[in-house]
Amino acid sequence: MSLFDLFSDYTLRNVALGAMVLGIVSGILGCFAVLRRQGLLGDALSHAALPGIAIAYLLTGSKAPIVLLLGAGIAGWVGTLTINRIVRDTRISEDSALGIVLSVFFGVGILLLTYIAKRNDANQAGLDRFLFGQAATLVATDVLTMSILGGLALGCLVLLYKEFKLLAFDPAFAASLGFAPNRLGILLTSLIVVAIVIGLQTVGVVLMAAMLVGPAVAARQWTHRLSVMLLLSGVFGAAAGIAGTMLSLGQQHVPTGPMIILSLTAIVAISLLFAPARGLVWAKLRQSHALNHEPRNREAQPVKGE
Amino acid sequence: MNTDAKPLAIHDLTVAYQDKPVLWDIDLSVPSGVLAAIVGPNGAGKSTLIKATLGLMPIAAGTIQMFGQTYAKARQMVGYVPQRSSVDWDFPTNALDVVLMGTYGQLGWIKRPSKADREWALHCLEQVAMADFAQRQISQLSGGQQQRVFLARALAQRAQLYLMDEPFVGVDAVTERAIISLLQQLRSDGKTVICVHHDLDSAPEYFDWVALLNVRMIAAGPMKTTWTPENISQTYGGRTQNLIRGAA
């Protein structure tokens, strides 16, 4: 399998394009989740989307992706509001609230999927593909839907870039300026729900969190600028999407979602080890260099202006 | 703008965490053009008073006015310096960008900072002797330099009243001097500055007005008449005789 196949073969092209769109959108939006120290948020919300898929199917009897994904989006959004209310109205901390919403919503989702499977309904087969994703089922209209949703979410981010940056860095200052950090936070989380909805068909609810956290963590290692971090994160997400597609479809019957996540893991590992300023390998080298040249230790030089 | 109205007038303010009061029936009226310190022991509610003033936490009772208006209307006239430890300094941005955030309030939603805003932000960094560090990643600044970046961000707000939460905590001598000269500059420009401060030794030296707080407002007024051993010992529960050398 070659890059040429990827763009000439209709199925491969859809899968690769879908995985790429997912990687870009989740990579960019995931940066804000990571910078706000809400890495678990994506995990909670993607698991929370599962009952939405089951309920959408039970209500409409349709398996059209747009219907199921709408259900997923609504359930993810209800999950967002639930987490917000728990944190605001009780003494339960945010990580516990995330854990509660994750397990309760996911549990209900599994329960409903089991119920649907036991109804002897011939039409129901395949709903469980949203657990781990099944990228091979992506068709051109799915990719188009993903692109439009992702484009809208990223457009929103571009428009409110300044506000989201301020919210991520200093929410109290944002509030003092009148930028309503609660509402901004809910909007940002809603955009992350959109990214999750985009990813459900490709990587599924269980692995989706990695698509939000992985590219952002990798990108942060290479730059000290937020704008560069967002772009790099999108590039890393897209690269993982395409690489995962090629690796899975090149061999027989290797699932695409997990291969995308493994490709992403490789990017994260390389970044953590070898990125110039923050890489662990360089840090170790600098450390031993400093020990060997004790008197000329660079750390000891006074910072200019102090 | 009503020029007669006090920069800050608080009336019967009560603030509670869950059901425990942290500020009880506070009255405070700060005149224009002073350098005011809010002084009190740990847990006295000093930071809470600043945050309640800025609408960052709900108040149980009372009214707060700035220049005769609610904070929502007076926002543009108020600058804020949060505690340095309240943010993650590993955030991917540089000093100039943080200072630019001070202009966001006047820009409003969606609009981006212009070239003129960037020049203004650089000018604000110059005011705190940090212009050389404009492009420096903020995690690579010392604690004192980070504090000066926060002050420059407040300057960028072009405010009439500045509220600062512990600006002197954990800073080096250079920064301390830079902050003092900046505060004096602000006062001579006719601005009003209110700082949470917890060093009793330096308070009478740096500030000309003081509010002594311990959940209740113990005393407030010009430093000369308010900074008395009786008031201080009442604020601190009488356990700090050796801390009040500067008292009148």
Side-chain angles (χ1 to χ4, degrees), chain A residues 31-32 34-38 88-91 155-184 187 216-217 219-233 275 277-278 298-299 301-306, chain B residues 18 50-51 53-57 71-72 75-76 78-83 86-94 97-98 100-113 129-133 135-142 144-145 148 150 153-154 157 163 165 172-175 178:
Chain A
C31 287
F32 285 95
V34 167
L35 289 174
R36 296 180 74 209
R37 302 188 174 275
Q38 291 183 321
R88 209 183 62 191
D89 296 345
T90 71
R91 298 189 189 198
C156 211
L157 186 78
V158 169
L159 214 57
L160 292 172
Y161 174 71
K162 158 177 129 253
E163 286 77 7
F164 285 141
K165 178 167 72 175
L166 183 61
L167 174 77
F169 175 61
D170 193 346
F173 190 69
S176 82
L177 296 183
F179 284 114
N182 279 333
R183 267 174 272 171
L184 264 182
L187 178 61
V217 168
R220 179 68 187 90
Q221 308 306 312
W222 299 91
T223 178
H224 285 315
R225 287 177 59 194
L226 179 61
S227 51
V228 179
M229 178 181 169
L230 294 176
L231 290 176
L232 263 184
S233 189
R278 297 164 82 97
R298 286 195 293 158
E299 300 292 312
Q301 275 181 16
V303 182
K304 196 179 158 204
E306 276 293 304
Chain B
Q18 311 290 350
I50 297 276
K51 285 180 184 151
T53 303
L54 293 167
L56 301 181
M57 57 189 345
Y71 178 60
R75 228 187 267 285
Q76 305 277 348
V78 182
Y80 174 41
V81 180
Q83 286 187 18
S86 67
V87 304
D88 174 14
W89 288 92
D90 197 36
F91 194 85
T93 190
N94 63 29
D97 206 39
V98 172
L100 261 180
M101 290 176 186
T103 67
Y104 287 8
Q106 288 176 350
L107 286 171
W109 291 90
I110 295 173
K111 211 174 152 209
R112 300 284 173 85
M130 284 291 293
D132 290 346
F133 297 88
Q135 302 300 328
R136 180 79 60 99
Q137 150 70 15
I138 55 173
S139 68
Q140 288 160 10
L141 299 172
S142 72
Q145 291 169 334
R148 280 186 271 161
F150 258 13
R153 182 177 71 173
Q157 292 183 265
L163 300 173
D165 202 344
D172 51 283
V174 175
T175 299

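Labels below follow one simple rule: chain letters A, B, ... track the order of the sequence lines, proteins then strands, and each chain is numbered from 1. Values below: every heavy atom of this structure, side chains too, minus hydrogens, waters and symmetry copies.
Pairing each heavy atom of Glu163(A) with each of Gly108(B), the nearest pair is OE2-O, 3.7 Å. When all heavy atoms of Phe91(B) and Arg220(A) are compared, the pair lying nearest together is C-NH2, 4.1 Å. The two residues Phe179(A) and Trp109(B) make their nearest non-hydrogen contact at O-CH2, 3.6 Å.
In this structure, the portion of Leu184(A) lying under 4.5 Å from any heavy atom of chain B is its side chain and not its backbone. Heavy-atom distances place the side chain of Ile138(B), and not its backbone, under 4.5 Å from chain A. Contact annotation for Asp97(B): only side-chain heavy atoms (C-beta onward) come within less than 4.5 Å of a heavy atom of chain A. For Leu226(A), the parts lying under 4.5 angstrom from a heavy atom of chain B are both the backbone and the side chain. For Ala174(A), no part sits under 4.5 Å from any heavy atom of chain B, backbone or side chain. Looking at Arg36(A), neither its backbone nor its side chain comes within 4.5 Å of chain B, counting heavy atoms on both sides. Heavy atoms of Val98(B) lying under 4.5 Å from chain A belong exclusively to its side chain. In this structure, chain A has a heavy atom under 4.5 Å from the side chain of Leu56(B), while its backbone stays farther away.
Note: Asp88(B) leads Asp88(B), Leu54(B), Asn94(B) in heavy-atom pairs under 4.5 Å with chain A. Residue with the most contacts toward chain B among Leu35(A), Val228(A), Leu160(A): Leu35(A) (heavy-atom pairs, distance under 4.5 Å). Among the candidates Lys111(B), Lys51(B), Gln76(B), Met130(B), the residue making the largest number of heavy-atom pairs closer than 4.5 Å to chain A is Lys111(B).
Interatomic distance, CZ of Phe173(A) versus CE of Met101(B), reported as 9.0 Å (0.5 Å rounding). We find the OH-CG distance between Tyr104(B) and Leu177(A) to be 10.0 Å, quoted to the nearest 0.5 Å. Atom CZ of Arg225(A) sits about 8.5 Å away from atom CD of Gln135(B), to the nearest 0.5 Å.
A heavy-atom distance below 4.5 Å is not found between the side chains of Tyr80(B) and Asp170(A). In this structure the side chain of Lys162(A) never reaches within 4.5 angstrom of the side chain of Leu100(B), judged on heavy atoms.
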Before you tell me yes or no, could you show the steps for Arg278(A) and Asp90(B) under side chain to side chain contact (heavy atoms under 4.5 Å, CB included), namely the whole-Å CA-CA distance, both residues' side-chain angles and the distance that decides it to 0.1 Å? CA-CA 12 Å; Arg278(A) 297 164 82 97; Asp90(B) 197 36; 2.7 Å; yes
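Heavy atoms from other residues, nucleotides or ligands lying under 6.0 Å from CZ of Arg112(B) number more than 12.
Put simply, the side chain of Tyr71(B) gets close to the backbone of Ser176(A): a donor and an acceptor are under 3.5 Å apart.
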